[in-house]
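The block underneath contains the structure these notes are about, expressed in structure tokens.
Sequence lines set the chain letters: A, B, ... in the order given, protein chains first and strands last, and positions in each chain run from 1. What you see is a predicted model, and the numbers here were worked out from it, not measured in a lab.
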2 protein chains.
Amino acid sequence: MIHINIDRKTSCSLSRQIYDALKEAILFGTIQPGEKLPSTRELAKYLNVARNVVIECYEQLAAEGYVYSKNGAGTYACDGVRFHPLEKDTAAKGGSNEKYSPQYEVSFRTGIPDLAEIPIKRWAQIYQRIALDIKPSQLDYQDPFGDYRLRTQLSLYLNRARGAQTAPKNILITNGAAQSFHLLCGLIAQNEYALVENPLSFGILHTLCANSVNMEPIYMDEQGMVTAALPDKPPKLIFTTPSHQFPTGVILPAGRRIEMIKYARRQNAYIVEDDYDSEFRFDGSPIQSMQFLDPQRVIYVGTFSKTLMPALRLGYMVVPDELCEKMREAKYVADLHSPILEQLVLGDFLERGLFERHIRKMRKLYLKKRNALVGSLRQSFGERVKISGAEAGLHFIAAFEGVHFHEGLMKKIEENGVQISAVSQHCLSEKTKSQYDQGLIFGYGNTTMEDIDRGVKILSRVIKGER
Amino acid sequence: MIHINIDRKTSCSLSRQIYDALKEAILFGTIQPGEKLPSTRELAKYLNVARNVVIECYEQLAAEGYVYSKNGAGTYACDGVRFHPLEKDTAAKGGSNEKYSPQYEVSFRTGIPDLAEIPIKRWAQIYQRIALDIKPSQLDYQDPFGDYRLRTQLSLYLNRARGAQTAPKNILITNGAAQSFHLLCGLIAQNEYALVENPLSFGILHTLCANSVNMEPIYMDEQGMVTAALPDKPPKLIFTTPSHQFPTGVILPAGRRIEMIKYARRQNAYIVEDDYDSEFRFDGSPIQSMQFLDPQRVIYVGTFSKTLMPALRLGYMVVPDELCEKMREAKYVADLHSPILEQLVLGDFLERGLFERHIRKMRKLYLKKRNALVGSLRQSFGERVKISGAEAGLHFIAAFEGVHFHEGLMKKIEENGVQISAVSQHCLSEKTKSQYDQGLIFGYGNTTMEDIDRGVKILSRVIKGER
DNA sequence: GTCCATTAGTACGAACAAATT
DNA sequence: TAATTTGTTCGTACTAATGGA
């Protein structure tokens with residue numbers, strides 16, 4: 001008779017304990033294939049448990065194919081279930097969320113909004129209200145394009161605030177701009193290619209690389225992408241950030257926009273307008289979207305990561321009619337559709353004007369920070385620093401006269417506790433790298449006034465030590 | 001002097017109205033490239049508005065590159081901004097979420113939980129609590145694998161309830177099983193292929209097709225995938241539903257599981273265990289996961305769409321150590337990471353045992369429904385219906401003696417207001433199609449007792465009319 | 001917040017039918 | 001035929017947790 005240790009004090013049920021022991025015995029070969037197991041009565045008596053307990057565990061073993069029972073004949077171990085001793089997973093080592101983002105004393109990371117100012121309370125209130133009077137059918141699978149009410153509100157907002165030409169049917173809700181780019185990559189076949197700005201954001205670069213999309217960088221001047229340099233070979237997509245080029249901050253002027261659209265039409269290409277932070281323009285209204293000029297050639301990509309919060313993972317694309325079906329399929333295959341509840345909350349947020357109010361509030365705050373940072377840099381570096389692209393967004397470029405941000409210097413800055421990236425790190429060619437190697441990208445969205453002060457002081461010390 | 005209609009009653013600002021009019025004039029060519037615009041003083045006087053209004057709008061036009069101003073010389077339209085008349089989007093036609101799911105009188109759609117029983121209130125309460133004491137840093141971008149606390153809880157749950165061998169570091173939070181499959185497809189190169197069960201679920205079929213993955217179907221018998229028929233050519237992935245095969249409901253016995261794992265080891269393939277509804281087993285505990293037998297060869301795919309709600313779009317994968325980095329990269333490229341707030345809520349939900357309680361509650365409810373449906377079918381069809389795979393999950397198969405569910409009959413059923421699918425629709429070959437053509441798949445998760453009654457009555461009428 | 005009735009989970013015991021040796 | 005074994009269905013008891021007043 002097989003011996004089984006039974007512990008009546010543990011929270012684990014008796015039948016589970018016997019089940020585990022028997023299964024292990026069968027897998028290890030202690031109980032041979034075809035061997036008869038003790039009868040339920042016998043084992044129950046031997047172990048001093050109720051027969052029902054043994055029956056329950058024999059049934060489970062039978063259901064999983066370890067044993068088979070024959071009425072009147074007994075229970076036998078199945079063939080072919082001998083197996084190697086299980087490798088128990090060695091001690092689950094500790095971990096946490098914190099580990100993901102290394103800690104710096106001051107961070108000028110780009111693209112992060114002020115996390116302390118996120119209207120999370122208001123957001124949660126609306127979430128609760130929405131959840132309380134939701135219809136069960138809304139908790140079912142939904143349209144891959146997303147919630148219709150949100151798309152309606154978004155369409156109104158985009159028409160109003162960004163001068164875009166959209167209808168709800170063209171708006172595809174995604175899990176942030178990263179997913180939008182990922183889905184768009186699906187449009188590009190292996191032998192086709194995409195045009196990108198140079199320098200460009202890591203986000204697009206990384207997405208395109210990982211999806212093994214061929215890229216052709218386009219030279220930029222102080223007006224943005226040089227449309228005269230557009231190649232003859234027809235691209236499939238043209239990735240651009242016309243309202244506030246990343247990282248240079250340049251605004252693509254109307255003339256070049258039109259040229260680019262004409263080019264796209266000629267080459268039968270689509271323009272991907274990455275409008276990642278245009279909501280925050282400090283003088284005048286936001287620059288109008290490029291999509292406005294030709295809704296059938298321009299795919300507009302927006303995100304709520306900067307305006308609300310990165311953790312939300314909500315963004316959207318305005319898709320030309322011709323691409324709607326393809327994009328619907330792509331989104332469906334990727335993850336069916338984006339989560340619904342927070343879409344409903346966002347729709348409400350927009351409808352009540354809370355979103356635009358929040359933007360206005362944040363614009364003021366970011367303006368303050370920008371001015372403080374510019375002031376701080378001026379104070380430390382005087383005329384030896386040249387700032388550009390600061391009219392909008394959550395970052396700008398500062399070029400330091402006579403300083404070259406090579407790898408060693410960047411490492412030194414990091415070692416001194418400042419997180420910041422150099423423009424040259426975003427360049428695709430050696431030529432552009434050296435063209436931009438005096439520039440740092442200052443993201444100030446999630447900095448405090450103290451951060452700004454301290455960060456510039458540290459930078460000043462390190463840079464001046466270098467010179 | 002250009003004429004501009006100004007409406008002081010509208011909510012649109014004066015400068016916006018002037019801006020729009022001027023921009024249109026430039027784009028249409030009413031104002032020629034290089035033409036001098038009226039001076040700010042002149043235009044302000046003419047339109048009877050303050051000069052600042054005109055200045056603001058000239059600045060905006062300049063920022064966007066439509067005009068340029070020279071100190072002392074005036075403002076001129078830029079070159080190259082003439083453009084076609086804008087095609088105004090024709091009337092945004094109406095739409096709504098409802099349109100997405102066509103209405104049936106009774107739906108036996110598979111894989112839908114009881115939407116009316118979702119603990120949405122409790123969920124919303126926790127959401128609010130979580131949101132109120134969240135740290136700002138948690139609203140930042142996070143680890144692609146997901147929230148660590150949720151992964152810890154999930155790992156405990158899986159070990160406890162599914163007998164899986166996991167550590168938090170191996171758990172990747174995804175936007176539902178569909179995304180898990182999508183990410184896994186990235187492991188398969190163009191010249192490689194995947195093994196699938198036949199018949200199989202639309203979900204996997206569709207994902208694999210759309211990602212242009214080559215598939216090889218494996219024959220099944222009453223015990224599930226016939227492991228003796230595994231091909232010599234090494235596959236990359238083997239997709240399987242061992243706990244409750246979709247759609248047949250068969251449980252893959254231990255012997256075959258072990259054979260399959262040995263095969264996978266020999267061929268250096270990975271097994272994808274799609275555990276889509278095993279939580280709901282009606283007699284005994286759920287069938288133990290296959291992942292338990294070899295955590296380094298089996299990728300376990302789970303979802304909360306059936307246990308909580310489809311609209312949530314949350315699922316997970318248990319990834320072998322060797323694949324962690326690849327999967328991290330794949331998830332990062334797809335959408336950086338899954339939304340955080342609802343992950344936190346889910347983690348709390350699990351930690352408090354609310355999740356398991358909910359499962360227990362639902363298991364009872366589903367058992368009731370299953371029994372009612374089986375009873376109803378028995379009553380209508382007596383011994384002429386054979387039911388299989390009903391021991392677990394939210395669906396089972398009913399085979400009707402002497403009835404063949406060809407396209408015409410399926411259409412007739414649909415026309416009579418019943419949504420249901422035939423087993424043969426899930427088959428990949430003609431041979432299997434005819435083998436299974438007497439079976440319907442009854443999903444009863446989101447049906448009411450009345451639905452069940454009514455649905456069976458309608459089916460009975462249609463099927464008997466056919467015979 | 002507290003108390004109380006209810007419910008769910010686990011374990012036990014007993015009885016009987018059906019199949020097997 | 002008798003003894004043994006599984007399959008099935010009761011009822012009871014104890015405990016912990018839940019939900020409502």
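At a cut-off of 3.5 angstrom, counting only N and O atoms as typed in the model, there is a donor on one side and an acceptor on the other between the side-chain of A:R51 and the base of D:dG7. Taking 3.5 Å as the limit, the base of D:dT6 and the side chain of A:R41 contain a donor-acceptor pair of atoms between them.
The nearest whole Å value for the distance from the CG atom in B:L354 to the P atom in D:dA17 is 13 Å. Per the geometry, NZ belonging to B:K361 stands 11 Å off P belonging to C:dA8, to the nearest Å. Taking atom CD of residue A:E42 and atom P of nucleotide D:dT4, one finds them 11 Å apart after rounding to whole Å. Summarising the geometry, the separation between CD on A:E56 and P on D:dT9 is reported as 15 Å, rounded to the nearest angstrom. When rounded to the nearest whole Å, the span between CZ of A:R8 and C1' of D:dT15 equals 15 Å. The separation between B:F355 atom CZ and D:dA17 atom C1' is 19 Å, rounded to whole Å. Straight-line distance from the CD atom of A:Q17 to the C1' atom of C:dT10: 12 Å, rounded to whole Å. The distance from atom CD1 of A:I55 to atom P of C:dG13 is 13 Å, rounded to the nearest whole Å.
Of the charged side-chain nitrogens involved, none lies within less than 4.0 Å of a carboxylate oxygen, so that B:E342 and B:R313 do not count as a salt-bridged pair. Here B:D348 pairs with B:R352 in a salt bridge; the nearest charged N to carboxylate O distance falls below 4.0 Å.
A:Y76 and A:Y68 have parallel rings, their planes meeting at less than 30° on a 0 to 90° scale where 60° marks the start of perpendicular. Aromatic ring orientation, A:Y46 versus A:H3: perpendicular (interplanar angle above 60°, classes split at 30° and 60°).
Interface residues of residues 362-370 of chain B facing DNA chain C, ordered by number: B:K364; criterion, heavy-atom separation under 4.0 Å. Contacts between residues 63-76 of chain A and DNA chain D, defined by a heavy-atom separation under 4.0 Å, are made by A:S69, A:K70, A:N71, A:G72, A:G74, A:T75.
Here B:R357 reaches the OP1 or OP2 of D:dG19: one of its side-chain N or O atoms lies under 4.0 Å away. For D:dT4, the OP1/OP2 oxygens have no side-chain nitrogen or oxygen of A:S39 closer than 4.0 Å.
Counting any heavy atom pair closer than 4.0 Å across all strands shown, A:R16 reaches no nucleic acid atom.
Checked against ring pair (Phe, Tyr, Trp, His ring centres under 6.0 Å), B:F280 has the following partners two or more places apart in sequence or in another chain: B:Y366. The ring pair (Phe, Tyr, Trp, His ring centres under 6.0 Å) check on A:Y19 picks up nothing, with sequence neighbours excluded. Listed by chain and residue number, nothing satisfies the ring pair (Phe, Tyr, Trp, His ring centres under 6.0 Å) test with B:F145 (two or more places apart in sequence, or in another chain).
Atom CZ of B:R363 sits in a crowded spot, with more than 12 heavy atoms from other residues, nucleotides or ligands closer than 6.0 Å.
Across every strand in view, D:dT1 sits unpaired, with no contact that passes the Watson-Crick or G-U test at under 3.5 angstrom.
The cationic atom of B:K464 (NZ for Lys, CZ for Arg) lies less than 6.0 Å from the six-membered ring centre of B:F381 and within 45° of the ring axis.
Side chain of B:R360, nearest nucleotide from D:dT6, C:dA8, C:dC12: C:dA8.
A side-chain hydrogen bond (donor to acceptor under 3.5 Å, both in side chains) check over residues 370-379 of chain B, counting only residues at least two apart or in different chains, returns nothing.
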